[in-house]
Amino acid sequence: MESSIATHTPVVQAYSAPLTASTPAVAAKRSRIDSVDLLRGLVMVIMLLDHTRDFVHNQALQFDPTDLTRTYPILFFTRWVTHFCAPIFVFLAGTGSYFQIARGKSKADLSRFLVTRGFWLIFLEFTVVRIALSWEFNLAFLGMMQVIWALGWSMIVLAALIRLPLRAIAWFGIAMIALHNVLDLVSIRQWQGPGTPIPGALGKLWMVLHQPGTFPIADWPSPTIFILYPLIPWIGVMAAGYAFGRVYDWPAEERRAKLMRWGIAITLGFLLLRLADLYGDPIGWSVQKTVGMTVVSFFNTQKYPPSLLYLMMTLGPALIALSLWDGYNISSAPNAARRNPISNALITFGRVPLFFYLLQWPTAHGAGYLLTLATHKATWIFFRPPLPGPTPPPDAGFDLWVVYVAWICGALLLYPICRWYAAVKARRRDWWLSYL
């Protein structure tokens, strides 16, 4: 996501020559890279599918689609395809920050922006996202710390990292991604609710850094917080994405070739490491009763926190897609919207990712609520954090095909709104636009 979901940054054209100190004026004239916006927009729309399933599918209220004892292939892969969202989301946020440097912004200015933007995203997680997710604001539960929370803190850390040489930032990111599963050896006891031991300060810090879980912020009774996205290795993913931005300073043919080689190598590396099942993911795979469920087991890698294999499984294909789409420039082609409306729509979504992200929560939640009203089922508020909430009626939710219909309708609904906002950002340079 450009400049951590900012959408104005002109960047190196896919066909441009490498940026050098002798060509400073070029930065001011660069346009966006449609291949990056296309990939970003694609994962944003896929994310809407995941959250629509959360609020619409009947079985979303009964079990996790990655639970091998209850899931089935079509449900699992409906969930699995959405695994690509968060890694690409965070990775491209780092890449967009590099694009600002390529544009000509000083590191001091970028550091200030990353810090303020990071704290703004953390604020949004506790407020706008919190309310849109659950449609209530019970202070006994402060919030579920998800990708926007991790993105915000990653930006704050990146604000300091950008002072280092680019090679050092790259190795920092790669090392955190590759080695953080060693930290799985350290595990603290989870809080089990009122009357059970509450983790101490170091235990809470560990949960913020690497182990998901729930804890009260003080002695019980006090508000609780659910850490769904620990900060490690997301900080490393953003750092790697920042260093990755340098490839868009290379000649187009060299860039495409290396993106393809890197993407294939990472994807094959995932397959080999997963087959060996020795390191890289705490969830082992095994032969199941059917071939389909064995495939499900093989691809069932850990997301919270994202394991090395989870990140290889998602970022490898992402680099292949960037290679294949490199140089794609639909936005400047004559009659582009008429000739390729799907790609054009995805690029539009990719240019306003934070705007889309905030709107997709009420869209997904509203779909579940309106469908419940339309079918005369008992209405209830979808409240799913790790605290007691309203018990869903026995007939709550709908079949999986309804999820897909609701998802497509939601994307169609959001497109004209996002297109309008993308046009506003294209013609105006108000400072606040870079924060939404």
Side-chain angles (χ1 to χ4, degrees), residues 5 44 47-57 60-67 79 82-83 85-87 89-90 118-155 188 190-194 198-199 203-218 220-235 302-306 310 354 356-366 368-369 380-392:
I5 329 178
M44 299 300 293
M47 178 181 60
L48 176 62
L49 170 62
D50 193 34
H51 296 152
T52 302
R53 180 192 56 79
D54 277 334
F55 292 113
V56 174
H57 192 215
L61 309 172
Q62 302 172 17
F63 60 89
D64 190 304
T66 63
D67 181 355
R79 168 60 170 161
T82 68
H83 284 347
C85 301
F89 198 81
V90 176
F119 281 118
W120 169 242
L121 292 177
I122 295 168
F123 172 79
L124 290 177
E125 187 75 88
F126 278 98
T127 55
V128 176
V129 176
R130 165 72 173 81
I131 295 172
L133 173 64
S134 60
W135 286 7
E136 59 79 50
F137 200 73
N138 180 0
L139 292 179
F141 180 71
L142 289 183
M144 186 183 305
M145 300 301 95
Q146 303 185 84
V147 67
I148 294 298
W149 144 279
L151 193 67
W153 282 113
S154 296
M155 288 181 185
I188 64 168
Q190 293 279 359
W191 180 63
Q192 301 297 322
I198 299 173
K204 293 175 181 177
L205 176 61
W206 185 247
M207 293 170 76
V208 168
L209 292 176
H210 198 254
Q211 182 180 329
T214 305
F215 57 82
I217 59 175
W220 183 262
S222 70
T224 63
I225 187 172
F226 178 29
I227 307 294
L228 186 62
Y229 276 70
L231 302 184
I232 298 173
W234 293 114
I235 291 171
Q302 179 178 277
K303 181 177 182 179
Y304 308 112
Y310 177 97
L354 179 57
F356 180 94
Y357 179 84
L358 295 177
L359 289 179
Q360 58 88 35
W361 281 113
T363 300
H365 200 159
Y369 194 74
W380 63 292
I381 297 297
F382 294 82
F383 186 72
R384 299 192 61 209
L387 286 178
T391 301

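In what follows, every heavy atom counts, from backbone to side chain, and hydrogens, waters and symmetry copies are set aside. Small disclaimer: the values here were computed from a predicted structure and weren't measured.
In this structure the side chain of Q146 reaches within 4.5 angstrom of the side chain of L133, judged on heavy atoms. R79 has its side chain within reach of K303: a pair of non-hydrogen atoms, C-beta onward, lies under 4.5 Å apart. Under the 4.5 Å side-chain criterion, counting only non-hydrogen atoms from C-beta, W234 is not in contact with V147. Between I227 and W149 the shortest side-chain heavy-atom distance falls below 4.5 Å. With contacts defined as side-chain heavy-atom distances shorter than 4.5 Å, the pair P199/Q190 does not qualify. Residues I188 and Q211 have side chains in contact (heavy-atom distance under 4.5 Å, counting atoms from C-beta outward). Looking at heavy atoms from C-beta onward, F89 lies in side-chain contact with M44 at the 4.5 angstrom threshold. M145 places none of its side-chain heavy atoms less than 4.5 Å from the side chain of L228.
Evaluation of the side chain to side chain donor-acceptor pair (under 3.5 Å) rule for E125 yields no partner, not counting sequence neighbours. The side chain to side chain contact (heavy atoms under 4.5 Å, CB included) search around L142 returns F126, I217, P223, not counting sequence neighbours. Here P212 pairs with P230, Y304, P305 under the side chain to side chain contact (heavy atoms under 4.5 Å, CB included) rule; sequence neighbours left out. The ring-ring contact (aromatic ring centres under 6.0 Å, His included) test applied to H57 returns no partner, not counting sequence neighbours. Scanning for side chain to side chain donor-acceptor pair (under 3.5 Å) contacts around K204 gives an empty result, with sequence neighbours left out. Listed by chain and number, the residues in a side chain to side chain donor-acceptor pair (under 3.5 Å) with H83 amount to none (sequence neighbours excluded). Evaluation of the side chain to side chain contact (heavy atoms under 4.5 Å, CB included) rule for T127 yields F123 as partners, not counting sequence neighbours. Residues satisfying the side chain to side chain contact (heavy atoms under 4.5 Å, CB included) criterion with L205, sequence neighbours excluded, are L209. With sequence neighbours excluded, no residue forms a side chain to side chain donor-acceptor pair (under 3.5 Å) with Y310.
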- [ ] Carefully, step by step, assess I225 and T214 under the rule side chain to side chain contact (heavy atoms under 4.5 Å, CB included).
- [x] CA-CA 6 Å; I225 187 172; T214 305; over 6 Å; no

- [ ] Walk me through it: do I235 and W153 pass the test side chain to side chain contact (heavy atoms under 4.5 Å, CB included)?
- [x] CA-CA 8 Å; I235 291 171; W153 282 113; 5.5 Å; no

TODO: For side chain to side chain contact (heavy atoms under 4.5 Å, CB included), just list the numbers for Y369 and W135, CA-CA rounded to whole Å, side-chain angles, deciding distance to a tenth of an Å, and then say yes or no.
DONE: CA-CA 11 Å; Y369 194 74; W135 286 7; 3.6 Å; yes

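In this structure a side-chain-to-backbone donor-acceptor pair under 3.5 Å is present from R130 to F141.
To the nearest 0.5 Å, atom CD1 of residue I131 and atom CG of residue L124 are 11.0 Å apart. Rounded to the nearest 0.5 Å, atoms CG (L48) and SG (C85) are 9.5 Å apart. Note: L151 CG to I122 CD1 = 9.5 Å, rounded to the nearest 0.5 Å.
When all heavy atoms of A60 and D54 are compared, the pair lying nearest together is CB-O, 3.8 Å. For I148 against Y357, the heavy-atom pair with the smallest separation is CG1-CE2, 3.1 Å. Residues G213 and F226 approach most closely at O-CD1, 3.3 Å, considering heavy atoms.
The aromatic ring centres of W361 and H365 sit 6.0 Å or more apart.
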